[in-house]
Structures are given as structure tokens and as C-alpha cells.
Amino acid sequence: MNIISAKFIKTVVGEDQILGDGLPQVAFIGRSNVGKSSTINALVRQKGLAIVSASPGRTQGVNIFLINNSFYLVDLPGYGFAKLSKTDRAWLHDLINWYLFNKKFTQKKIVLIIDAKIGPTSDDLELLHELEAQNKNILVIANKIDKLKKSEYFKQTGKIKELIGYHEILFYSSKTGTGIKEIINQLLC
Ligand code: GDP
């Protein structure tokens, strides 16, 4: 199986009928600059579908893409962007929580992207534990594995596995494409 079609539908910032229309939702979330847009672009093989930005923190709003006419890929804003104003950060935090913990709809899967070189940050782990508490179906992608030196690979991936716990982790590089097949298989199953 493969991703054969991907279409940007709309950006939402609150209640919208699309979220209750019955199509499954797969949400992508991660710290700003973790490579979420690059990952989504690599998955759908359309450069610029999710805007890759050199200046982090730009994705404002919940971006919804229709994949294979069968499910929505929901691109949430990046969190933890230090340079945003307090007000903007609070707004994004509220928007993310509104979407993830809304009683009116749910997600088939939540894909949490972390940086393999840095490992899960306290923000990543806090979110992971909130998602666990709500029994969400979570897949962790550790992106940027191209940044790991051979000598540190096993130690770092082991540390990540220990911190992430029982969830499935896919080690990936959106730069080299390593691991992309596994991600697609997980998304389409
Ligand atoms: P987002 O803010 O999470 O959407 O992150 P972007 O996709 O905009 O990427 C942020 C930066 O990380 C950009 O400079 C990307 O080129 C870079 N980047 C993304 N994925 C990788 C990766 O797998 N390896 C490396 N080395 N850099 C990456």
C-alpha cells in the first residue's frame, strides 16, 4: 500500500463540521523545528504541502489534509517555540489541547515526532503522559537519525526507548528517507 493522493483541505482554529464527519483522523504533533513539516512532505511526496520553515513556529492553526480519500492527516502547530510571545504560546497550547482532548471527536492515531539527537524533551514527555492518560493510540517517530554518529546510535536509541516506554517508536530521517516505509505502513494499517 502507498499514499497515492494527498490534498490540503483547510485550516481550522476551532469547532468545524469536518472534524465530526466520520473520516478517521491521524494527528501529527511535535515540538517546533522537530521536522514535522518535512516528515509530512516526505510522506505525501509533495514539497511544500506542509510548509517547511527555516523560522520555527509558523504553523498557526490545525491543518487538515485528505489522504487517499480515506483519512485526514491533521497537522497540529509545533509547541515549545521559545521565541513566541507568551500570548501566542498560550493560544497555541489551548488550540492543541482543544483538538487533542475534545470529547466530540477522536483520533485513530496520534503521531508524536521527537528529535532523535536531542531525545524526548520535558515538553515531549509531558504531552506523551497526557495522551497516555487519555488512552490515545500513540506512535512515536524519532526523526533526524542522520544526525546520530554511528558510535552513539545504540546508546541514544536505547535512551529514547527507555524514556518513551511501551509505545512503538520508529527511527527515521526525513533528510535521508530512512524508515519512511515503516511509517507509511503504520499510517495505512
Ligand atoms: P517543523 O517546525 O517541525 O515543521 O520542522 P521543519 O520540517 O520545518 O524542519 C525544521 C528544520 O529541521 C529544517 O531546517 C529541516 O531541514 C530540518 N530537518 C527536518 N528533518 C530533518 C532530518 O531528518 N535530518 C536533519 N538533519 N534535518 C532535518
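Hydrogens, waters and symmetry mates play no part in the numbers below; they use all other heavy atoms, side chains included. Just so you know, ligand 1 is whichever comes first in the structure, and atom 1 is the first atom listed for that ligand.
No path of Ile, Leu, Val, Met, Phe, Trp and Tyr side chains, each step under 4.5 Å between heavy atoms, connects Y166 with L125, placing them in separate hydrophobic clusters. Each of I118 and V34 belongs to its own hydrophobic cluster when Ile, Leu, Val, Met, Phe, Trp and Tyr are linked at side-chain heavy-atom distances under 4.5 angstrom. At a threshold of 4.5 Å between side-chain heavy atoms, the hydrophobic network of Ile, Leu, Val, Met, Phe, Trp and Tyr places I4 and L66 in two separate groups.
The shortest N/O to N/O separation between K36 and ligand 1 falls below 3.5 Å. When only interatomic distances are considered, the shortest N/O to N/O separation between S174 and ligand 1 falls below 3.5 Å. Between K147 and ligand 1, a contact under 3.5 Å exists for no N or O pair.
Between the side chains of D124 and T121, a donor-acceptor pair is found at a separation under 3.5 Å.
Which parts of ligand 1 touch G35 is read off a 4.0 Å heavy-atom cut-off, strictly below it: atoms 1 (P), 3 (O), 5 (O), 6 (P), 7 (O), 9 (O), 19 (C). If you number the atoms of ligand 1 from 1 as listed, the ones under 4.0 Å from a heavy atom of D146 come out as 22 (C), 23 (O), 24 (N), 25 (C), 26 (N).
Residue contacts with ligand 1 for N33 involve both N, CA, C or O and side-chain atoms from C-beta outward (heavy atoms, distance under 4.0 Å). The side chain of N143, and not its backbone, has at least one atom closer than 4.0 Å to an atom of ligand 1 (non-hydrogen atoms only; side chain from C-beta on).
Remark: K136 does not engage E130 in a salt bridge, criterion side-chain N to carboxylate O under 4.0 Å.
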Using residues 89-100 as the side-chain source, report each donor-acceptor pair under 3.5 Å to any protein atom, sequence neighbours left out, with the distance given to one decimal.
residue : atom : partner : partner atom : Å
Y99     : OH   : Q25     : OE1          : 2.6

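Atom 18 (N) of ligand 1 has its nearest heavy-atom neighbour, among K144, K175, R31, in K144.
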